[in-house]
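Note sheet for the following structure.
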Amino acid sequence: MTGGPDLASARPAAQRLDLGPGLTFVPGYLDRLAQERLLAEIRDLARRAPLFTPRMPRTDQPFSVRMTNCGPLGWVSDVSGYRYQPTHPQTGEPWPAMPESLLDAWNELARFPHPPEACLINFYGPGARMGLHQDKDEGELAAPVVSLSLGATALFRIGGLSRRDRTRSIRLSSGDAFVFGGAARLVFHGIDRILPETSDLIPGSGRVNLTLRRVTPAPAA
DNA sequence: TAGTGACC
DNA sequence: TCCT
């Protein structure tokens, strides 16, 4: 189709940074034009599947980020727990289809022979954070998680497979890609804070993070 | 006790 | 690592 980010401008694989087994950081994966095109698609998705404020299981405390999803399944959280579901929790409508541009990004970055089923779209305002956590609600842990950042720079914290492992901080800037796979598929990670006024892509020091995931076990060959 | 916690 |  048309109108997707120009992924032909992606950096060559040689400029990927391997941070350890299964962790790949691709600074500047999307150039400015690709970022603008992708953001326009996200804004369109958010009109059809409005941002909602997830709440913590059990405590019912609201998250500081707002979110929506696209693809056959979407990640949601409320007082009863975390889960993937095929419909928006407020409208009851199916999630919008995944844009072709995101399928292209998955194909370039994930190197997994089946398409992603969910793209979680997180919107961070200047005070939003995401506590250290693992992405482990997916039934297919052989597939990586592919993350794309747009807008304000985030201080991203990444640790190991145990919550007690050493962590390090990485700045994720607009256009950067990050892939968790293989031995690093379940590493703890989170967002400490957003650095204000680090990008003019999204007004008000906003940040969007897209995470592409395979949710159900891939069909047998 | 766990924990998209708080903190770093 | 330390709470609640």
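All chains are named by letter (A, B, ...) in the order of the sequence lines, taking the proteins before the strands, and each is independently numbered beginning at 1.
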**Report entry** Distance under 6.0 Å and angle within 45° of ring axis: R185(A) vs F180(A)
**Finding:** no
**Report entry** Pairing nucleotide - dG5(B), Watson-Crick or G-U, each distance under 3.5 Å
**Finding:** dC2(C)
Query - Side-chain donor/acceptor of D192(A) to base of dC8(B), under 3.5 Å - result: yes
Report task. Tell me which nucleotide among dT1(B), dA6(B), dT1(C) gets nearest to the side chain of R58(A). Result -> dT1(B)
Query raised in the report: To the side chain of R163(A), which of dT1(C), dC8(B), dT1(B) is closest?
Result: dT1(C)
Query raised in the report: Which label fits dT1(B), syn or anti, where anti is any glycosidic angle not within 90° of 0?
Result: syn
Pairing of [X] and [Y] as salt bridge, 4.0 angstrom limit:
{"X": "R58(A)", "Y": "D78(A)", "result": "no"}
{"X": "R32(A)", "Y": "E36(A)", "result": "yes"}
{"X": "R83(A)", "Y": "D137(A)", "result": "no"}

Query - Atom-to-atom span, CG of D60(A) to P of dG5(B) - whole angstrom - result: 14 Å
Query raised in the report: Separation of Q61(A) atom CD from dT4(C) atom P, in whole Å?
Result: 15 Å
Query raised in the report: Under 4.0 angstrom, heavy atoms only, what part of the nucleic acid is D137(A) near: base, sugar-phosphate, or nothing?
Result: base
